[in-house]
S.K.: 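Pasting a structure below so you can have a look.
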Amino acid sequence: MSTPHSKSERNWQPIIKALENILGSDGVIRKRDELLTYECDGLTAYRQRPALAVLPRTTEHVAAILALCNEKEIPWVARGAGTGLSGGALPLEDGILVVTVRMKEILEVDLENHTVTVQPGVINNWVTQAVSGSGFYYAPDPSSQSVCSIGGNIAENSGGVHCLKYGVTTNHVLGLKIVIPDGSILDLGGSIAEMPGYDLMGVFVGSEGTLGIATEITLKILKIPDTICVLLADFTSVEAAAQSVASIIEQGIIPAGMEIMDNLSINAVENVVKTGCYPRDAAAILLVELDGLAVEVNVNEQKVSQICLNHGARSITIATDLETRLKLWKGRKAAFAAAGRMSPNYFVQDGVIPRTQLANVLTEIERLSQSYGFEIANVFHAGDGNLHPLILYDNSIAGAWQQVEELGGEILKLCVNVGGSLSGEHGIGMDKNAYMPYMFNQIDLETMQYVRNAFNPKNLANPSKLFPTPRVCGESKIN
């Protein structure tokens with residue numbers, strides 16, 4: 001495997017000239033003050049400016065950039081909107097950042113075949129906006145869907161509120177045009193659901209930029225359900241809300257989404273969004289969305305209401321009209337942003353656990369919170385056990401970040417110990433790569449490396465992400 005040259009040895013002037021020949025002078029960012037924009041993604045604890053940032057507009061641009069990087073052995077990192085929360089788009093000091101924000105065209109809308117083809121810089125919510133007038137929508141809906149891009153969703157295999165019933169990004173991708181690290185252009189999948197041969201598209205989605213860059217993406221869109229109903233149940237304990245989730249699934253009911261927010265999150269949201277819908281004195285609220293045929297929704301609405309009441313729900317609010325439904329969801333969608341008003345800094349984790357372990361794990365997270373001395377707000381996709389504990393801290397206090405990172409690691413270990421996973425949708429990136437051996441044995445990790453090396457033999461594509469580095473778990477990487 002080749003080792004990229006260090007920054008001190010590299011002559012950037014001919015590289016800049018070559019990149020400007022590909023993209024034009026406005027497509028290459030090299031001034032240090034301009035590069036400050038790109039020094040981190042949503043995980044702001046890790047920061048590093050790239051040597052250069054480039055702004056392609058087409059597949060051919062991306063191919064030419066990666067071919068140049070391959071020839072000169074320059075490492076690179078792909079970046080979309082920069083909303084990722086695992087440090088996956090953290091640049092390399094001696095590398096090029098390939099920023100896809102100018103690749104924002106919706107290339108084709110095919111309502112007859114229920115597909116939309118887009119460039120990677122298209123914002124998630126734009127897809128639904130493009131087809132909603134015809135009665136369709138795009139199901140994967142991360143909380144950041146109004147700002148996150150489809151390319152980033154592909155890299156991290158993003159989920160969202162509706163992933164319980166409709167699946168995550170990979171379940172809605174039919175075809176990809178990708179550029180691999182030597183500059184070759186490949187077509188994976190197609191316009192139909194089942195294709196012969198190895199599922200290379202399934203390998204690529206969720207690979208966190210370590211195999212190449214998706215430049216055209218064919219997505220599956222769905223018809224808007226006939227009837228949609230949202231229930232909000234409030235509880236005097238988080239455990240009771242969690243038990244309601246398990247009981248709903250045990251009854252064979254699969255809601256479109258089920259979300260829990262604890263008291264800390266409820267009040268943060270009400271302080272910022274002011275929905276007026278969330279009872280401030282509740283220990284937790286459970287949001288349940290049901291969709292389908294009217295008769296099915298009506299029956300399940302009654303069943304879910306009774307289950308929640310049986311588990312001690314104090315009250316249940318039911319919304320069927322669009323305006324009220326959006327109002328009930330507005331707070332949940334804004335929960336991460338609202339956390340910024342509770343504390344100077346916060347760190348969000350992304351572990352997954354079996355639904356049956358929700359109550360036990362939440363109790364243990366509270367114990368860890370008290371042990372480490374940091375408040376933790378809990379907001380999560382309860383239906384599929386995807387936790388999003390937000391650890392509140394003040395980075396101006398010496399040593400706080402190191403303790404928070406250690407606490408986050410303990411939460412991840414807890415998730416794995418009960419049969420869960422290190423990540424549900426935010427990815428591994430820089431944040432969790434040291435914990436990969438906690439979930440996978442050496443043979444597992446070596447096998448994954450075989451796949452990466454097949455696409456990326458020079459280790460130029462996002463080289464420091466996803467897989468373990470020699471650091472000790474809990475040790476800060478970059479400050």
S.K.: If we check ring-ring contact (aromatic ring centres under 6.0 Å, His included) with His381, which of these qualifies: His162, His426, His388?
M.R.: His388
S.K.: Run the numbers on Glu20 and Arg30 for salt bridge (charged side-chain N to carboxylate O under 4.0 Å, His left out), then give the verdict.
M.R.: CA-CA 11 Å; Glu20 288 181 339; Arg30 57 184 181 274; 2.8 Å; yes
S.K.: For residues Ile180 and Leu211, determine if any side-chain heavy atom of one lies less than 4.5 Å from a side-chain heavy atom of the other.
M.R.: no
S.K.: Got Val361 and Ile411 here, is their nearest side-chain heavy-atom distance under 4.5 Å?
M.R.: no
S.K.: Between Gln370 and Glu366, do the side chains contain an N or O donor and an N or O acceptor separated by less than 3.5 Å?
M.R.: yes
S.K.: Rounded at 0.5 Å granularity, tell me how far CG in Leu107 sits from OG1 in Thr218.
M.R.: 8.5 Å
S.K.: Are the side chain of Asp431 and the backbone N or O of Gly87 linked by a donor-acceptor pair below 3.5 Å?
M.R.: no
S.K.: Strictly distance-based, threshold 3.5 Å: is any side-chain N or O of Arg49 a donor or acceptor partner for the main-chain N or O of Arg32?
M.R.: yes
S.K.: Once rounded to the nearest 0.5 Å, what's the spacing between atom CD1 of Ile178 and atom CG of Leu186?
M.R.: 5.0 Å
S.K.: To the nearest 0.5 Å, tell me how far Leu52 CG sits from Ile16 CD1.
M.R.: 5.0 Å
S.K.: With sequence neighbours excluded, tell me which residues meet ring-ring contact (aromatic ring centres under 6.0 Å, His included) with His61.
M.R.: none
S.K.: To check you understand the geometry: which heavy-atom pair defines the closest contact between Thr275 and Gly331, and what is its length?
M.R.: CG2-N, 4.0 Å
S.K.: Tell me, do Ile29 and Tyr38 make a side-chain contact under 4.5 Å, heavy atoms counted?
M.R.: yes
S.K.: Taking salt bridge (Lys or Arg N to Asp or Glu O under 4.0 Å) as the definition, give me every residue that meets it alongside Glu60, ordered by chain and number, with sequence neighbours left out.
M.R.: none
S.K.: Give the minimum heavy-atom separation between Asn456 and Pro181, together with the two atoms involved.
M.R.: OD1-CG, 3.8 Å
S.K.: Give, for atom CZ of Phe380 and atom CE of Met258, the distance between the pair rounded to the nearest 0.5 Å.
M.R.: 10.5 Å
S.K.: Please check: side-chain N/O of Asp394 versus main-chain N/O of Ala400, any donor-acceptor pairing under 3.5 Å?
M.R.: no
S.K.: Strictly distance-based, threshold 3.5 Å: is any side-chain N or O of Tyr138 a donor or acceptor partner for the main-chain N or O of Leu222?
M.R.: no
S.K.: Measure the SG-CD1 distance between Cys69 and Ile96 for me, rounded to the nearest 0.5 Å.
M.R.: 4.0 Å
S.K.: State, yes or no, whether a side-chain contact exists between Ser464 and Leu92 at a heavy-atom distance under 4.5 Å.
M.R.: yes
S.K.: Any side-chain heavy atom of Tyr393 sitting closer than 4.5 Å to one from Gln403?
M.R.: no
S.K.: Can you spot which of Asp141, Asn124, Thr169 makes a side-chain hydrogen bond (donor to acceptor under 3.5 Å, both in side chains) with Asn153?
M.R.: Asn124
S.K.: Indicate yes or no: at least one non-hydrogen side-chain atom of Lys432 is less than 4.5 angstrom from one of Gln349.
M.R.: yes
S.K.: Given side chain to side chain donor-acceptor pair (under 3.5 Å), test Asn125 with Ser146 step by step and report yes or no.
M.R.: CA-CA 5 Å; Asn125 204 36; Ser146 62; over 6 Å; no
S.K.: List the steps, then state whether side chain to side chain contact (heavy atoms under 4.5 Å, CB included) holds for Val179 with Thr59.
M.R.: CA-CA 8 Å; Val179 181; Thr59 297; 4.0 Å; yes
S.K.: Test: salt bridge (Lys or Arg N to Asp or Glu O under 4.0 Å). Region: residues 180-208. Which pairs qualify, not counting sequence neighbours?
M.R.: Lys177-Asp187
S.K.: Ala51 and Leu35: which non-hydrogen atoms are nearest, and at how many Å?
M.R.: O-CD1, 3.5 Å
S.K.: Donor-acceptor pair, Arg79 side chain versus Cys40 backbone, under 3.5 Å?
M.R.: yes
S.K.: Using atom types as modelled and distance alone, determine if a side-chain donor or acceptor of Asn171 lies under 3.5 Å from a backbone N or O of Val168.
M.R.: yes
S.K.: I would like to know whether Val205 and Leu176 meet side chain to side chain contact (heavy atoms under 4.5 Å, CB included); could you show each step before the answer?
M.R.: CA-CA 9 Å; Val205 177; Leu176 294 171; 4.1 Å; yes
S.K.: Return each pair, listed once, that meets ring pair (Phe, Tyr, Trp, His ring centres under 6.0 Å) where at least one residue sits in residues 177-211; pairs must be two or more places apart or across chains.
M.R.: none
S.K.: Side chains of Asn267 and Asn271: any donor to acceptor distance under 3.5 Å?
M.R.: no
S.K.: Please indicate whether Glu375 has more than 12 foreign heavy atoms, meaning atoms of other residues, nucleotides or ligands, lying under 6.0 Å from its CD.
M.R.: no
S.K.: Would you call Leu287 and Arg332 a side-chain contact if the rule is heavy atoms closer than 4.5 Å?
M.R.: yes
S.K.: Could you walk me through whether Val122 and Ile217 satisfy the side chain to side chain contact (heavy atoms under 4.5 Å, CB included) test, starting with their C-alpha distance in whole Å, then the side-chain angles of each, then the deciding distance to 0.1 Å, before giving a yes or no?
M.R.: CA-CA 10 Å; Val122 167; Ile217 302 148; over 6 Å; no
S.K.: Please check this pair: side chain of Gln119 against backbone of Arg57, looking for a donor-acceptor N/O pair closer than 3.5 Å.
M.R.: yes
S.K.: Looking at every heavy atom in both Pro120 and Ala214, which two are closest together, and how far apart are they?
M.R.: CG-O, 3.2 Å
S.K.: So which of Ile365, Val352, Leu412 actually passes side-chain contact (heavy atoms from CB on, under 4.5 Å) with Leu387?
M.R.: Ile365
S.K.: Work out which heavy atom in Gly209 is nearest to a heavy atom in Ala155; give both atom names and the distance.
M.R.: N-CB, 4.3 Å
S.K.: Check for a donor-acceptor pair, side chain of Lys413 on one end and backbone N or O of Tyr438 on the other, with a separation under 3.5 Å.
M.R.: no
S.K.: Test side chain to side chain contact (heavy atoms under 4.5 Å, CB included) on Leu23 and Ile65 and set out the steps.
M.R.: CA-CA 9 Å; Leu23 302 170; Ile65 293 164; 3.9 Å; yes
S.K.: Counting C-beta onward and ignoring hydrogens, is there a side-chain heavy-atom pair between Leu362 and Asp262 closer than 4.5 Å?
M.R.: no
S.K.: Would you say the side-chain atoms of Lys465 pair up with the backbone N or O of Leu90, donor to acceptor, closer than 3.5 Å?
M.R.: yes
S.K.: Looking at Asn378 and Leu390, would you say the former's side chain and the latter's main chain have a donor-acceptor pair under 3.5 Å?
M.R.: no
S.K.: What pair of heavy atoms forms the shortest contact from Ala81 to Ser149, and how long is it?
M.R.: N-OG, 3.4 Å
S.K.: Can a donor-acceptor pair be found between the side chains of Thr115 and Asn113 at a distance below 3.5 Å?
M.R.: no
S.K.: By the salt bridge (Lys or Arg N to Asp or Glu O under 4.0 Å) test, which pairs, at least two apart or in different chains, include something from residues 145-174?
M.R.: Lys165-Asp291
S.K.: To the nearest 0.5 Å, tell me how far Ile150 CD1 sits from Thr117 OG1.
M.R.: 11.5 Å
S.K.: Could you give all pairs that pass the ring pair (Phe, Tyr, Trp, His ring centres under 6.0 Å) test and reach residues 72-120, with sequence neighbours left out?
M.R.: His114-Phe136
